[in-house]
Number of protein chains: 2
Amino acid sequence: MPPTSPAVKAQLMELLAHSLGAHYADFATAAAAAGLTSSQAKTLTVLRRSPDSMRSLAGTLGCDASNMTGVIDRLEKRGLVRREVSPADRRVKNVALTEEGIQAIDAIRSTMNGTHAGLDRLSEAEQTELARLLSTVFPR
Amino acid sequence: MPPTSPAVKAQLMELLAHSLGAHYADFATAAAAAGLTSSQAKTLTVLRRSPDSMRSLAGTLGCDASNMTGVIDRLEKRGLVRREVSPADRRVKNVALTEEGIQAIDAIRSTMNGTHAGLDRLSEAEQTELARLLSTVFPR
DNA sequence: TATTGTTATACTCTATAACTATA
DNA sequence: TATAGTTATAGAGTATAACAATA
């Protein structure tokens, strides 16, 4: 990405934030349809790639480690994840998706692929403005 | 915006979501530095444009009207906003920023303009991929 | 001593339902 | 009757501090 003025980037981020707001709302709605909160669904998304420790999960999700206990407790109670003591370090607990957990997050992602409403929700004027800003930040 | 395959849009949204995630984190950090939560700062951002009723605020922020009571209570207690009974309809309360409220949200937005780290945090490979996807969604 | 996960605590956000003042 | 705002209630997310088990 070539150097661009902060003002242009700020405008771009603001416009994208507007669009992404709708995207996040869609994600929350899709999660709610599965009886999950955004945090729970986000956690499943992270675990979809590979099992992870409580501490590392907290880091990835950007929250304090103490929060993960409650979030994982609720997911485990519903059978979507399971805790496994690490053989290498018995202080560590690796959290992994169960078959049910995989199905739950895949269903949400499938719903998201069907909506992809983020950019479509921008008005014509906003789309034009977005294209203009993008051509400035990513010139060709 | 011309028609584009859902798969391309989904990829684009995912990449932008990654970037915007950092943007939101920056916003939350800037708000926290001012002793405000994200919800409180977002509320001030909305009010920065013009005063608004409790109900309308809830609609804009995408939450239930009952939530606004507590959020506005806390902002009012800190002298950042004030409630005013609407002369036209005495059921309605218009919420407006105080001078302190204006300064608070302007400080946060100023900090954000200084960071604009959203796009910059993408790796080289991600930026290249982003440019490619954008040229597909916004052909020139 | 340092680190991992948990617990205890407190605050905020959030939705639902019931209530009041007004229209 | 309908609407705007509030209150009561409950669940979830969040951070801080203190703790036990393990390294």
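Bear in mind the structure is a predicted one, so any value in this text is a computation, not a measurement. We name chains A, B, ... by the order of the sequence lines, and we start the count at 1 in each one.
Residue A/Thr37 has a polar side-chain atom (N or O) positioned under 4.0 Å from OP1 or OP2 of D/dG13. In this model, the phosphate group of C/dT14 is approached by a side-chain N or O of B/Ser39 to a distance below 4.0 Å at OP1 or OP2.
In this structure, A/Asp73 atom CG and D/dA12 atom P are separated by 11 Å, rounded to whole Å. At whole-Å resolution of the value, CE in B/Met54 and C1' in C/dA21 are 15 Å apart. In this structure, B/Arg55 places its CZ atom 11 Å from C1' of D/dA2, rounding to the nearest Å. Residue A/Arg74 contributes atom CZ, which lies 13 Å from atom C1' of D/dA10 at whole-angstrom precision. We find that CD1 of B/Ile72 is positioned 9 Å from P of D/dT6, with the value rounded to whole Å.
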Steps toward salt bridge (charged side-chain N to carboxylate O under 4.0 Å, His left out) verdict (A/Glu84, A/Lys93):
CA-CA 5 Å; A/Glu84 293 168 350; A/Lys93 289 179 185 170; over 6 Å; no
Can you list the steps and then say if B/Glu76 with B/Arg83 is a salt bridge (charged side-chain N to carboxylate O under 4.0 Å, His left out)?
CA-CA 8 Å; B/Glu76 192 170 34; B/Arg83 286 173 166 95; 2.6 Å; yes
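Taking CD1 of A/Ile72 as the reference point, atom NZ of A/Lys77 lies at 13.0 Å (rounded to 0.5 Å). Annotation: the span from A/Leu47 atom CG to A/Ile105 atom CD1 amounts to 9.5 Å, rounded to 0.5 Å.
Comment: B/Arg78 does not engage B/Asp73 in a salt bridge, judged by the lack of any side-chain N to carboxylate O separation of less than 4.0 angstrom.
The closest side-chain heavy-atom distance from B/Ile102 to B/Glu99 is below 4.5 Å. You'll find the side chain of B/Val81 stays beyond 4.5 Å of the side chain of B/Thr43, heavy atoms only.
Looking at residues 79-94 of chain B, you'll see B/Arg83, B/Arg91, B/Val92, B/Lys93 sit with a heavy atom under 4.0 Å from some atom of DNA chain D. Proximity of residues 57-70 of chain A to DNA chain D (heavy atom under 4.0 angstrom from any strand atom) is restricted to A/Cys63, A/Asp64, A/Ser66, A/Asn67.
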Mind listing the side-chain donor-acceptor pairs of residues 55-65 of chain A below 3.5 Å, one per line with the distance, residues two or more places apart or on another chain?
unit_1  : atom_1 : unit_2  : atom_2 : d
A/Ser56 : OG     : A/Asp52 : OD1    : 2.9
A/Ser56 : OG     : A/Asp52 : OD2    : 2.8
A/Thr60 : OG1    : A/Ser56 : O      : 3.1
A/Asp64 : OD2    : A/Ser66 : N      : 2.9
A/Asp64 : OD2    : A/Ser66 : OG     : 2.8

